[in-house]
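Basis for what follows: all heavy atoms, side chains included, without hydrogens, waters or symmetry-related copies.
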Amino acid sequence: MSKELDQKMVNRNIPGMMNRNERFVEAEHAENVGATLRRIITYFLHEKKLVIFMLALVVFGTLCGIYAPSLQSRAVDIIAGERTGVLSHTLLFMLSVYLLYSACSLLQGLFSARISQNVVKRMREELFGKIMELPVRYLDTHSHGDVMSRMTNDIENISTTVSQSLPSLFSGVLTVIGTVAIMLWYCWQLAFLSLASVLLTVMATKILSGRVRKFSRQRQMLLGQLNGTVEEMVSGYRTVVAYNHQNITTDDFCSTADSLTKAGIKTDVFSGVMGPVMNCIGNIGFVIIAAFGGYFSVKGLISVGVISAFIVYAKQFSRPINEIAQVYGQLQTAIAGAERVFAVLNEEDEDKSGEELTKEENAAITFRNVRFSYDGENPVIKKFTLTVPTGKKVALVGATGSGKTTIVNLLMRFYETDSGEICINKQNIQDVARGSLRQNVAIVLQDTVLFSNTVRSNLKYGNDAATTEQLSAAVEMSQCREMIELLPQGYDTVLTGSGSNISQGQRQLLAIARAFVADPRILILDEATSNVDTRTEKAIQDAMQRIMQGRTSIVIAHRLSTIRDSDLIVVMDHGEIVESGNHEALLEKKGKYYELYMTQYAGFAI
């Protein structure tokens, strides 16, 4: 990301801050439920065989669950002498039905888990592939924590819903319909009386679950704040101690912890109360069935077996009602998460079209009246005109925010110019395919990025076909041969945590060596030696002079040793070129460069 854009987004991309807040914020309702559901269904169409099998199991298992209490009613009536039949046969049949019901439930869980993982795998692959194709502007203008949250939390919510909630929803709906139908068939009067307790269950569930969601949301938010406080304190402990903020930080932590404790207690209380309340209402329902069922039995309307079946059906009816209420909330969360995922998938890919960059040894770069702004209103680059001759080293200097890194972003086509043109050998880069352009440019950024892989793989990242001799030459020129030899497995040492097992300076050296291995026609160094000590930097500069021979180079640096030997030094201020020339000529002018030299560079002279 450009430094100018970093200044605008400093509050949005602080590592950890955005991640921890988003990690614990409950997903909101989707804005377009219908369109999102239709798109989710397209993923299930790829698994239609598994879906059909699962639905068949759900239907068959639900029918078994509804039919089993009728067999129980028959068995009770046989025992009571109100019905003829063989009791043992009825019991064996009832046992078989219950076993089939259990088997269907087990297979249903296995199929739903398989469907869930296949759907989520496809969705995750599409999302990751999409992120790889997004333009740099998208990732620069969106929180990295938000993008990660869509890849992890949102897709995980979809996975959980598919594997757990959807089967429960289908089964619950069928169970409610089937149970109500058979209860009305047995005795409509007792059925309506039983439904009264169900209405109480629904009302109690709605009230209590609302309280649970409210305090659970509050608890999750406070937990995020608490984790953030700990994360900031640990990562910035030296600053906390240096400014004597231990007591203030502790007070903030304790205040958040107290609020979290209260929210946690309320959440646990209402969650704990829900079970006993449901049992109480269920027992009331059983009393109603027993009392009125006994009365109807005496009047000859129903048998004793029907009463026993009604007790089972009443319990069987209330259970899916509660499950559907819970599934509804999970579905809302999953749909909202899916909508966030689809929002990324709907973004336009980076345009990869264009012609190939002409194969020439020369690589002269020309900027003509280039204008650019990140927001379309406030220009960061204004009428920038510059020619970088083939094989020459041009340094861009200026205060922070002057537009130096933005020029590099435009040259790499991370962003497109608002007006003007950038040419390489008179070929406008807007007509060149981004892939072809970037194959001819190697860039070393101030923020070193290495990958969790071997040293060898990191060095060959820009040129996978590099030979051992090329690696050795690049390592030798970048002054990191001795450092690599001291690693446990040398070139085969795995860099963990993006290079956390080596120092920042060593990471910078490897990044420079990686650029050498790429063997580019154009070399860009953006504060490339900012984390290297002065002595090592001098050795690298000597190596750079050799590697830069025959290559066009653009250097952005604050150290005098990096820019004083440049063929051309360009001084930028507020997106414009205010001075240009070599080191001595610019000092003689005693203009902007002289001011920068006296205030920033003089102390680094060697």
Original post:
Strictly by modelled atom types, are Ser402 and Asp573 linked by a side-chain donor-acceptor pair under 3.5 Å?
Top reply: no
Original post:
Are there more than 12 heavy atoms of other residues, nucleotides or ligands under 6.0 Å from atom NZ of Lys49?
Top reply: no
**OP:** Find out whether Asn440 and Ile522 are in side-chain contact, i.e. whether some heavy atom of one side chain is under 4.5 Å from a heavy atom of the other.
**Re:** no
Original post:
So with a 6.0 Å cut-off around NZ of Lys589, is the heavy-atom count from everything else above 12?
Top reply: yes
Original post:
Would you say the side chains of Asp140 and Tyr415 form a donor-acceptor pair under 3.5 Å?
Top reply: yes
Original post:
Is there a side-chain contact between Leu386 and Leu396, using heavy atoms and a 4.5 Å cut-off?
Top reply: yes
**OP:** May I ask you to check whether over 12 heavy atoms, not counting those of His574, lie within 6.0 Å of atom NE2?
**Re:** no
Original post:
Do the side-chain N and O atoms of Tyr491 and Thr468 include a donor-acceptor pair separated by under 3.5 angstrom?
Top reply: no
Subject >> Side-chain touch Asn369/Lys382, heavy atoms, less than 4.5 angstrom >> reply: no
Original post:
Taking side chain as C-beta onward, heavy atoms only, is Val475 less than 4.5 Å from Ser472?
Top reply: no
**OP:** Check whether any side-chain heavy atom of Phe128 sits under 4.5 Å from a side-chain heavy atom of Arg124, and report yes or no.
**Re:** no
Subject >> Side chains of Asn409 and Arg137, donor plus acceptor under 3.5 Å >> reply: no
Original post:
Hey, is the main chain of Ile443 close enough, under 3.5 Å, to the side chain of Arg514 for a donor-acceptor pair?
Top reply: no
Original post:
Got a sec: does the OH of Tyr138 have more than 12 other heavy atoms crowding it under 6.0 Å?
Top reply: yes
**OP:** Give a yes or no on whether Lys130 atom NZ has more than 12 heavy-atom contacts from other residues, nucleotides or ligands under 6.0 Å away.
**Re:** yes
Subject >> Cationic tip of Arg122 above Tyr43 ring, under 6.0 Å, 45° of axis >> reply: no
**OP:** Ignoring hydrogens and angles, state whether a donor on the side chain of Glu588 or Tyr593 is under 3.5 Å from an acceptor on the partner side chain.
**Re:** no
Subject >> Proximity of Phe372 and Phe384 rings by center, below 6.0 Å >> reply: no
Subject >> Flag for Asn378-Asp375: side-chain donor and acceptor within less than 3.5 Å >> reply: yes
Original post:
Quick one: are Leu127 and Ile155 in side-chain contact, heavy atoms under 4.5 Å?
Top reply: yes
Original post:
Is the shortest heavy-atom distance from the side chain of Asn582 to the side chain of Asp567 under 4.5 Å?
Top reply: no
Original post:
Is atom CZ of Arg456 surrounded by more than 12 heavy atoms (other residues, nucleotides or ligands) closer than 6.0 Å?
Top reply: yes
